[in-house]
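All remarks here apply to the structure that follows.
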Amino acid sequence: MRPGAAESDDVALLRAVARGEEEALAALYDRHAGWLTVRLTRRCAMPDVVDQAVQDTFLALWRGAGGYREGGDVAAFIWGIGIRRLIDAIRRESGARRRLRWRAAEPEVVVSAEDQVLVGLTCAEAAVLLGVAEGTVKSRCHRARVALRAALAEPPTGPDTTAPHREAWGTS
């Protein structure tokens, strides 16, 4: 198989899913459900919730395959849907209990509290996942927002930030 063939096959399958071809959805499921289940299991210790999230992911893929803009990898598109479905499933599951049974992710997966909140988790969910207090997550996110605001407010620096001046032809 040539490099990139799997990605182009996935794009073709996703186009077929958008046209309503069930076989294409089955092929995408066979290719991607395994790794998606493993990655979601690393973030949630409730197998039934993970299974529900995987099923919801492919249902959403069936309904919204036309939303893929072909700007990136199909696997990344599926992952984006899957992690949001997992978060929704956890919120539904934890509703009244408010006690989440998260499994801490590997260090290379969890970079910071700010990253977890950007993924779409609430501060409480990120705190449970990271094993820190909710207030710690909130203060880290606040510091990150302040630093980002300051970085965006600074004018660009460098040797010459002005636009180059062009001389007109034939003038001195």
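Note that the structure is a prediction, hence the values are computed from the model and not measured.
Side-chain contact between D48 and Q52 is absent, with no heavy-atom pair separated by less than 4.5 Å. Contact check for H32 versus W79: no side-chain heavy atoms found under the 4.5 Å cut-off. Side-chain contact between F58 and L36 is present, with heavy atoms from C-beta onward closer than 4.5 Å. Side-chain contact between V146 and R149 is present, with at least one heavy-atom pair separated by less than 4.5 Å. For the pair I90 and R43, the minimum side-chain heavy-atom distance is 4.5 Å or more. Proximity of D88 to D56: side-chain heavy atoms (C-beta onward) are nowhere separated by under 4.5 Å.
Smallest separation of non-hydrogen atoms from I78 and T57: O-CG2, 3.9 Å. Counting all heavy atoms, side chain and backbone alike, V50 lies closest to C44 at CG2-O, 3.8 Å. Considering all non-hydrogen atoms of both residues, R85 and A60 come closest at NH2-CB, 3.0 Å. When every heavy atom of A24 is checked against every heavy atom of A16, the shortest pair comes out as CB-CB, 3.5 Å.
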Q) Do R84 and I87 pass the side-chain contact (heavy atoms from CB on, under 4.5 Å) test, and can you show the C-alpha distance, the side-chain angles, and the key distance before you say yes or no? A) CA-CA 5 Å; R84 287 189 299 274; I87 291 167; 5.5 Å; no

Q.
Pair L13, R31 - check side-chain contact (heavy atoms from CB on, under 4.5 Å), show working.
A. CA-CA 11 Å; L13 286 171; R31 285 186 183 188; 3.9 Å; yes

Q. So L61 and L14, side-chain contact (heavy atoms from CB on, under 4.5 Å) or not? Walk me through it.
A. CA-CA 9 Å; L61 190 64; L14 199 53; 3.6 Å; yes

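Interatomic distance, OG1 of T136 versus CD of E134, reported as 10.0 Å (0.5 Å rounding). Rounded to the nearest 0.5 Å, atoms CE (M46) and OG1 (T41) are 11.0 Å apart. Put simply, OG1 on T37 and CZ on R39 are 12.0 Å apart, with the number rounded to the nearest 0.5 Å.
W35 and F77 fall within a single hydrophobic cluster, where Ile, Leu, Val, Met, Phe, Trp and Tyr are joined by side-chain heavy atoms under 4.5 Å apart, directly or via other members.
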